[in-house]
There are 2 protein chains.
Amino acid sequence: MSESIISTVDIVLLIIKDDRLCVTLSKRDKEPYANQEALPGGYIHAQDDRDCLDAAVRILQQKTGLLPPYLEQLKTFAGAARDPRGWSISVVYFALVDADLILSATNPGLTIWPVDALRRLPFDHNEIIAAAVDRIRNKSQYSSLPCYLAGETFSLPRLQKIYEACLGETLNKVSFRRKMDELGVLEAVSGQTESAGAHRPAQLYRLKSEFKNQLKLLVRGL
Amino acid sequence: MSESIISTVDIVLLIIKDDRLCVTLSKRDKEPYANQEALPGGYIHAQDDRDCLDAAVRILQQKTGLLPPYLEQLKTFAGAARDPRGWSISVVYFALVDADLILSATNPGLTIWPVDALRRLPFDHNEIIAAAVDRIRNKSQYSSLPCYLAGETFSLPRLQKIYEACLGETLNKVSFRRKMDELGVLEAVSGQTESAGAHRPAQLYRLKSEFKNQLKLLVRGL
DNA sequence: CAAGTTAGTTACATAATGCAACTAACAAAA
DNA sequence: TTTTGTTAGTTGCATTATGTAACTAACTTG
């Protein structure tokens, strides 16, 4: 039956760094693959965790100190071959967070890697990250998902760069702004602008409070 | 750690019956909830199953005798409260199959229920089915997914009914046919028509062989 | 062979999208 | 103080996608 099955949760924590989609890895402190970079993860604690989301939040807190604004179940990876310890189940979540929260914090053992230039990772973690990128690419096409990768306030050109990093393609400026208007999740921060050089400063926006914990979907994609 | 966690696979087997999206339930032969209708499922066999998909195929074979043309992982439901036996993980798959394969076969203990008129089911199976319906509704909007619910050959009006059942809304005939043309997964069965009454018979189509095992996606939805 | 019914197509109005060219607002150099 | 360069943001228009109504086609039944 299931006595010998290892039950874990792993987390793909994604951020934008230098306009590129990046994944956060943490150095493993135990065998197998001790001292190697891998997705942050851990055992499910049947005593402490009420469900998988609980476990994901706990593990993320332990490994990164963060409670990210977006956390969604991605997929479950399981089988006999993926972990040297034996038959294992990993319920994988993916989290989106503003890069500054990671880069500014002192998180020992956390490293950031562009998702399109990863080296070979332990377990099936490359495959897992690829699945996360697929998911975010898909959802970015028709939702406010990438907004969770921006900070509290941001300009539309900045948000467009984030969408482009998620989608892996450049977008038309006019169409993008029309779609953001249609989405209706943003509100201008009155008077606030971002001056980033010798040119016209950009209006700053933030997520309307009612959308801080809820995705908004477009009827017809970007 | 994870010694006490129960690991199972459950399957949401969906079909179209009387132009409605329906789920296939099977009578449980063991406790808990013995003799009640529930999603077909079973323990993962770490000895026999190489991975979860393996387990899903085995369980589906045992409970229904089918190898469905479409089988995808839906989501994992886990926690302390969902199963009276204790902390449990259920990796849920959803399967699509031509209704005739179930209705014609002699599958004792299998029953068919419209997904929008279900009674209260054991475990969290109502919630699981709702998640499956959400998924199929979403994917039907921009993919060839509902084709797996049709048989070998089918007319376009029939396929439109299937799409409508999946989406829960009626579609425009001209637009639907344009989109199916754009999808490009169908080929006319030359000379074959379906005569279903005192009116013009409909051209029959089938999935092109290269799409029997691969979803095709629309760039811009139905 | 006329009537009824569904299959399938055509023509056209309306809406969505993409592109190019515009104006706006700033800093820095002249 | 004016000019220049650069990015922000808007406008107008051509092109494409979509929805609707009205059409023709092909069958069965009376």
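Nucleotide dA16(C) holds its P atom 15 Å from the CG atom of Leu222(A), rounded to whole Å.
We find the CG-CD1 distance between Leu156(A) and Ile162(A) to be 11.0 Å, quoted to the nearest 0.5 Å. Rounded to the nearest 0.5 Å, atoms OG1 (Thr64(B)) and CG (Leu101(B)) are 9.5 Å apart. The distance from the CG atom of Leu149(A) to the OH atom of Tyr70(A) is 11.0 Å, given to the nearest 0.5 Å. Between atom OG1 of residue Thr111(A) and atom CD of residue Glu37(A) there is a gap of 3.5 Å, rounded to the nearest 0.5 Å.
Put simply, the side chain of Gln160(B) does not reach to within 4.5 Å of the side chain of Pro146(B), judged on heavy atoms. Arg120(A) is listed as a side-chain neighbour of Asn126(A), based on a closest heavy-atom distance under 4.5 Å. Within the 4.5 Å cutoff, side-chain heavy atoms of Leu222(A) are placed close to those of Tyr163(A).
Heavy atoms of other residues, nucleotides or ligands lying less than 6.0 angstrom from CZ of Arg58(A) number more than 12. For Asn213(A), the CG atom counts as loosely surrounded, since its 6.0 Å shell holds 12 or fewer non-hydrogen atoms of other residues, nucleotides or ligands. Within a 6.0 Å radius of NZ in Lys161(B), no more than 12 heavy atoms belonging to other residues, nucleotides or ligands are found.
Of the charged side-chain nitrogens involved, at least one lies within less than 4.0 Å of a carboxylate oxygen, so that Glu72(B) and Lys139(B) count as a salt-bridged pair. At a threshold of 4.0 Å, the pair Arg20(A)-Asp116(A) counts as salt-bridged, since one of the basic side-chain nitrogens sits closer than that to a carboxylate oxygen. By the 4.0 Å N-to-carboxylate-O rule, Lys216(B) lies too far from Glu182(B) to be salt-bridged with it. Between Asp19(B) and Arg158(B), at least one side-chain nitrogen of the basic residue sits less than 4.0 Å from a carboxylate oxygen of the acidic one, meeting the salt-bridge criterion.
Every residue two or more places apart in sequence or in another chain that forms a salt bridge (Lys or Arg N to Asp or Glu O under 4.0 Å) with Glu187(B) is listed here: Arg206(B).
Contacts with DNA chain C (heavy atom under 4.0 Å) in residues 141-157 of chain A: none are found. Listed in residue order, the members of residues 200-207 of chain B having a heavy atom less than 4.0 Å from DNA chain D are Arg200(B), Pro201(B). Shown for residues 177-189 of chain B: residues whose heavy atoms fall under 4.0 angstrom of DNA chain D, namely Arg178(B), Lys179(B). Scanning residues 166-176 of chain B for heavy-atom distances under 4.0 Å to DNA chain C yields Lys173(B), Val174(B).
The span of DNA chain D lying next to chain A, judged by atoms under 4.0 Å from heavy atoms, is bounded 5' to 3' by dG5(D) to dT18(D).
Nucleotides of DNA chain D nearest to Arg220(B) and Gly197(B) differ in position, and the one nearer the 5' end is that of Arg220(B). Sequence order on DNA chain C of the closest nucleotides to His199(A) and Ala198(B) puts Ala198(B) first from the 5' end.
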